Amino acid sequence: MFRKLHDPGPQAVTIFIDGRPVVAEPGESVAAVLLRQQEGWNRTTPVSQSPRAPYCMMGVCFECLVEIDGQGSVQSCLTPVAAGMRIARQQGRRSLSA
Amino acid sequence: MSEHTDLLIVGAGPAGMAAAIAARRHGLSVRLVDEQPAPGGQIWRGIETVAATPRAARLGESYLSGADRAAAFRACGALYEPESQLWQIEPGFRAFITRGGKARIVTAEAIILATGAQERPVPFPGWTLPGVLTVGAAQILLKTADSVPEKPVWIAGCGPLPLLYMTQLLAAGGRIAGFLDTTARGRVRAALRHLPQGLGRLGDLMKGLSWSLALRRAGIPTIRHVTELVAEGEGRLQRLRYRAEDGREAEVPAEVLLVHEGVVPNIHAALALGCAVRWHAGQHCYVPVLDAWGETTQANIFIAGDGAGIGGAEAAEPRGRLAALRVAARLGRLDDAAAELAAAPERGALSGALALRPFLDALYAPRPQLHAPPDETLVCRCEEVTAGELRARALEGRPGPNQLKAFTRAGMGPCQGRQCGYAMAHIVAAAQGRPVEEVGFYRIRPPLKPVTLGELASLDEQEPAA
């Protein structure tokens, strides 16, 4: 739903969203990259499994939670991208066997 | 890194940075913790990176002015801890901070909370759909990621920020489908009586007018006095319905809708610390009770910046310096007379910066419909509790927000009531026929941000053996 106005060029890094390589620019947040993806959502809610996407981009709404490098429920708007980072969208509530 | 400093500052925006610089000048040791990866707060978000890029120019002068501030802050000698979340402060003071998945305790003699503001929550049906974001969020995306909505975007709300963002978006080559202006009818007249005292801020007024003119020249369709909004779609925003005060209704296709109804102070930390707050009728929110230095009702805890009441960046800096002066005097680095002398120009700057505020508050006062969302609206985004459920429960035995929280889980999710607190208060007040300020707010308890068991365990390792 968003697009980047410039090409990050040689400093671009690759991160992985649900296993798919995606180009990102150092300095931007994981949430900013998620908002450029076709899917348009980053988690489904624990209560009704409805899809959610980043809303406030400043750390207060907690809608942008994703799994980053194995850690669940990380605020992606507060997390800068890093080369090789592995992001997983979160589905519903967490389970003990996950 | 020493775990004790004279002063702990929370937040690296205009107030926090100004406070740090002033405190260092008077010889205090200072630790500043901030959630973001770089200094600047929301107003100067990403300034250190962006200032050197071609896009800096189109973000405007007031954004660029943050570059010098960030540089001065970096050079001031404060211990700066970015990407850190503060989640508890105990008397003494012992502050609990998480950084990089590890929690630890730092200590300080005094604390300045410079935690700023958040956009006023704007519950309406469909506001949880992917594709609905705040204007502030879109501006952060523009500043930090050079990103704009792919398709022509709808913007709904009122206040200076939507106007500023729209002009920045047009300058960046973005496209606007339309502006749904929610400023209520009669607000201009109500605001005008506050204009004389604001005339000293003619520059700000002209800036606002120039934004409006630029939008008119660009031919942005504007619908005035919009009262109600509904966002609809399957799994994401696809359609937008709105109704204006004169009854006009329309449905338009939409992929991204940006909303903004002003900003309110972040008061969670202040509330958790037991600092008294009062209802600010002009700004329709709670503000902390502060003395002329910004000290709260809890000794040696200060609040500076928009967290003290909305005033903008220009008011935030003198507020930060005033608090720092007082702390320096308390800790014996400055005698009281010298502190008073140094405070005089800061107080002058503060009152100048606030002169236009009553005009803006009256002009952009929230429309009444904002606080009375339709029954189907999810008021609590986290726990998915509707306005209808809260309304029905509010009539059973006159419960307050905290009882309703226990009954319904509204306010218990990860955002801890930051999005539903005011809506809850207004719904309870309306259902019970009480003034909103009498209903009160959620009782805020630590942790202020969610903490994992692993983080807590990492804290134990650092405690000295008993």
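The shown structure was predicted, so the numbers you read here are calculated from the model rather than taken from an experiment. Chain naming here is simple, since letters A, B, ... match the order of the sequence lines and numbering starts at 1 in each.
Taking both residues in full, the closest heavy atoms of A:Ala32 and B:Ala145 are given as CB-CB, 3.6 Å, listed atom of the first, atom of the second, then distance. When every heavy atom of B:Cys382 is checked against every heavy atom of A:Cys61, the shortest pair comes out as SG-O, 4.5 Å. The two residues B:Ala137 and A:Met57 have their closest heavy-atom pair at CB-CG, 3.5 Å.
Both the backbone and the side chain of B:Val148 come within less than 4.5 Å of a heavy atom in chain A. Proximity to chain A is absent for every atom of B:Leu448, based on heavy atoms less than 4.5 angstrom apart. Interface remark: B:Pro414 contributes backbone and side-chain atoms alike to the contact with chain A (heavy atom separation under 4.5 Å). Of the atoms belonging to B:Leu237, not a single heavy atom falls under 4.5 Å from chain A.
To the nearest 0.5 Å, atom CG of residue B:Leu133 and atom SG of residue A:Cys56 are 9.5 Å apart.
For B:Ala156, the side chain to side chain contact (heavy atoms under 4.5 Å, CB included) test picks out B:Leu180, B:Leu229, B:Leu257, B:Val259, with sequence neighbours left out.
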Listing needed: what donor-acceptor pairs below 3.5 Å join chain A with chain B?
unit_1	atom_1	unit_2	atom_2	d
A:Met1	O	B:Glu150	N	2.8
A:Arg3	N	B:Val148	O	2.8
A:Arg3	O	B:Val148	N	2.9
A:Lys4	NZ	B:Ala145	O	2.8
A:Leu5	N	B:Asp146	O	2.8
A:His6	ND1	B:Asp146	OD2	2.5
A:Arg36	NH1	B:Ser147	OG	3.4
A:Gln38	O	B:Arg236	NH1	3.3
A:Thr45	OG1	B:Glu384	OE2	2.5
A:Ser48	N	B:Glu384	OE2	3.3
A:Ser48	OG	B:Glu384	OE1	2.5
A:Ser48	OG	B:Glu384	OE2	3.2
A:Arg52	NH1	B:Arg381	O	2.9
A:Arg52	NH2	B:Arg381	O	3.2
A:Tyr55	O	B:Thr134	N	3.1
A:Met57	O	B:Arg45	NH1	3.0
A:Met57	O	B:Arg45	NH2	3.3
A:Glu63	OE2	B:Arg381	NE	2.7
A:Glu63	OE2	B:Arg381	NH2	3.2
A:Gln75	OE1	B:Gln85	NE2	3.2

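Between chain A and the residues B:Leu129, B:Val256, B:Val50, the largest count of heavy-atom pairs under 4.5 Å involves B:Val256.
Of residues 15-22 of chain A, no residue lies under 4.5 Å from chain B by any heavy-atom pair.
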